[in-house]
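Just so it is clear, the structure is predicted and the values come from calculations on it, not from any experiment. In what follows, every chain begins at residue 1, and chains take the letters A, B, ... in the order their sequences are listed. Scope of the values below: all heavy atoms of this structure, side chains included, with no hydrogens, waters or symmetry mates.
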Protein chains: 2
Amino acid sequence: MTTRRPYHHGDLRAALLTHARRALEEKGPGGLSLRELARELGVSPGAPSRHFASKNALLDALALEGFEDLRALLAAAQHEAGASLADRLTALSYAYLDFAAASPALLDLMYSVKYDPTASPELAAASQQLPAFAARLIEDGQHRGEVREGPADEIGLPVMAAIHGYVALTVAGGIPADIVERGLKDTVAFALRGCAP
Amino acid sequence: MTTRRPYHHGDLRAALLTHARRALEEKGPGGLSLRELARELGVSPGAPSRHFASKNALLDALALEGFEDLRALLAAAQHEAGASLADRLTALSYAYLDFAAASPALLDLMYSVKYDPTASPELAAASQQLPAFAARLIEDGQHRGEVREGPADEIGLPVMAAIHGYVALTVAGGIPADIVERGLKDTVAFALRGCAP
DNA sequence: ACCTGAACACCGTTCAAGT
DNA sequence: ACCTGAACACCGTTCAAGT
């Protein structure tokens with residue numbers, strides 16, 4: 001009457017993603033091991049390959065998940081916030097920094113150079129979502145008279161670059177820990193100044 | 001009368017760094033292999049460990065080299081350029097983008113999350129050089145009356161964040177290739193606007 | 001001081017075979 | 001359809017021994 005592991009895991013794919021995300025944050029993409037994941041899930045070393053063709057494919061899937069989470073987070077911040085551009089940009093920035101603080105390795109992975117030419121086109125598309133998001137933000141600001149005239153993408157791109165750049169620098173240790181929040185506020189204020197009519 | 005490899009390589013450390021840098025750009029940090037480097041240099045598998053305690057230590061040394069190269073490049077751009085803030089910021093931005101285009105994987109490595117707690121303090125210091133650089137740029141601009149009053153680091157940090165962020169997005173494929181230069185110009189113009197008195 | 005060469009404990013990936 | 005289990009060709013790292 002031994003309770004044996006069922007032959008089928010149930011949802012190995014989802015379990016792999018969950019465990020991989022934790023491993024990524026703890027040990028980085030280099031330290032993440034498919035065999036170790038398989039061991040944790042009580043499954044044979046070759047089992048993951050049925051769901052992800054390679055370690056790189058698993059990392060790509062993680063990055064894609066990250067982009068989806070980030071998009072949801074940024075969208076939520078937009079709706080919660082007050083209607084003014086300042087409020088919305090502030091909410092967006094904090095949401096972005098929170099995401100980065102919670103999942104630094106994932107953010108790093110999302111915006112890292114891809115060496116695998118097999119990388120999915122969905123991932124490439126997802127990594128270009130930030131500029132589009134910024135353009136919509138700016139358009140709204142223009143309708144409200146808070147942003148100067150001009151192409152929305154031309155104004156939005158630098159805004160997003162500033163926020164992304166600041167968060168990226170923070171995650172990489174380029175900003176001393178004690179001035180992180182101060183710097184974010186400065187960056188948002190600077191961006192608002194650049195948008196002003 | 002066989003010409004044998006000399007027992008000592010001569011300058012294995014430097015040779016490892018050179019070959020590692022090429023391998024990094026071709027295959028990424030995960031694809032870089034110490035054993036393969038040793039093979040290329042006609043040296044035994046254990047030889048690299050005399051010069052770099054681990055693969056991570058070699059990557060850290062590469063990143064440090066990258067920061068030195070970047071600093072030299074940015075400094076040179078400052079001196080070559082005309083004296084106006086617009087010229088200097090433009091020159092700096094192009095120099096930064098050129099560096100990123102020539103060594104995308106290296107830039108990625110320089111600003112990637114470090115998982116090794118053994119990471120050198122020099123590397124940590126080097127990754128914080130950008131804000132200091134920006135502050136000096138802004139101070140000069142203030143003396144010339146091209147930049148509004150205020151703490152130079154408070155103004156300089158967002159400027160550097162915008163340029164770094166734009167370059168980082170470009171390297172990661174977040175900016176469509178055909179609008180890369182246009183976007184850089186927009187970002188510089190936006191930054192100048194944020195600095196204006 | 002610097003490197004060899006063998007050993008150790010791992011990897012990712014593949015694939016016939018099992019359920 | 002999904003997984004096993006063994007095999008293959010690699011890794012990084014360590015360390016006695018050689019020069």
Side-chain angles (χ1 to χ4, degrees), chain A residues 2-24 26-63 109 112 114-120, chain B residues 2-24 26-63 109 112 114-120:
Chain A
T2 53
T3 46
R4 289 193 298 115
R5 282 217 152 271
Y7 187 81
H8 289 79
H9 177 277
D11 199 351
L12 183 54
R13 202 193 123 92
L16 280 168
L17 283 171
T18 306
H19 279 68
R21 190 151 169 174
R22 196 181 32 68
L24 175 70
E26 283 172 7
K27 300 181 283 185
L32 187 153
S33 155
L34 292 180
R35 288 184 101 105
E36 193 176 343
L37 256 39
R39 252 177 271 130
E40 284 175 21
L41 296 167
V43 110
S44 82
S49 75
R50 291 284 137 183
H51 302 277
F52 301 99
S54 65
K55 179 177 170 179
N56 236 307
L58 173 58
L59 289 175
D60 283 354
L62 274 183
L109 180 68
S112 68
K114 300 297 178 301
Y115 308 93
D116 190 2
T118 324
S120 71
Chain B
T2 54
T3 45
R4 291 194 296 115
R5 280 217 153 272
Y7 188 81
H8 290 80
H9 177 277
D11 200 352
L12 184 54
R13 202 193 123 92
L16 281 168
L17 283 171
T18 306
H19 279 68
R21 190 150 168 175
R22 196 180 33 67
L24 176 70
E26 282 172 7
K27 302 181 282 185
L32 186 153
S33 154
L34 292 181
R35 287 183 100 104
E36 194 175 343
L37 256 38
R39 252 178 270 128
E40 286 175 19
L41 296 169
V43 112
S44 83
S49 75
R50 290 285 137 181
H51 302 277
F52 302 100
S54 66
K55 178 177 171 178
N56 237 305
L58 173 59
L59 290 175
D60 283 356
L62 274 183
L109 181 67
S112 69
K114 300 300 177 303
Y115 307 94
D116 190 1
T118 324
S120 71

| task | Take atom CG of A/L41 and atom P of D/dC3, then tell me their distance rounded to the nearest Å. | result | 11 Å
| query | Can you give one letter per nucleotide of nucleotides 10-16 of chain C, going 5' to 3': B for a protein heavy atom under 4.0 Å from the base, S for sugar-phosphate only, - for none? | reply | -SBBB--
| Duplex segments of DNA chain D, taken as runs of at least three Watson-Crick or G-U pairs that stay under 3.5 Å | C:4-8 with D:12-16, C:12-16 with D:4-8
| message | Tell me every residue that passes side chain to side chain contact (heavy atoms under 4.5 Å, CB included) with B/S49, counting only those two or more places apart in sequence or in another chain. | response | none
| task | Ignoring backbone atoms, establish whether A/H51 has a side-chain N or O less than 4.0 Å from OP1 or OP2 of D/dC3. | result | yes
| field | Criterion side chain to side chain contact (heavy atoms under 4.5 Å, CB included) on B/L37 and B/L32, from CA distance to verdict | value | CA-CA 8 Å; B/L37 256 38; B/L32 186 153; 4.3 Å; yes
| query | Of the non-hydrogen atoms in A/S44 and A/A38, which two are nearest, and what is the gap between them? | reply | O-CB, 3.6 Å
| message | Suppose the criterion is salt bridge (Lys or Arg N to Asp or Glu O under 4.0 Å): which pairs have a residue in residues 43-60 of chain B, not counting sequence neighbours? | response | none
| said: I'd like to check the side chain to side chain contact (heavy atoms under 4.5 Å, CB included) partners of A/S54; sequence neighbours left out, ordered by chain and number. | reply: A/N56, A/A57
| message | Just to verify, what does B/A63 make a side chain to side chain contact (heavy atoms under 4.5 Å, CB included) with, not counting sequence neighbours? | response | B/L109, B/M110, B/L123
| query | Of the residues in residues 12-19 of chain A, which ones touch DNA chain C at a heavy-atom distance under 4.0 Å? | reply | none
| Roughly how far, to the nearest 0.5 Å, is the CG atom of A/L24 from the NE2 atom of A/H19? | 14.5 Å
| task | Applying side chain to side chain contact (heavy atoms under 4.5 Å, CB included), name anything that partners A/R13, two or more places apart in sequence or on another chain. | result | A/D11, A/L17, A/H51, A/F52
| Residues forming a salt bridge (Lys or Arg N to Asp or Glu O under 4.0 Å) with B/R22, sequence neighbours excluded | B/E26, B/E40
| Rounded distance (nearest 0.5 Å) linking atom CG of A/D116 with atom CG of A/L59 | 10.0 Å
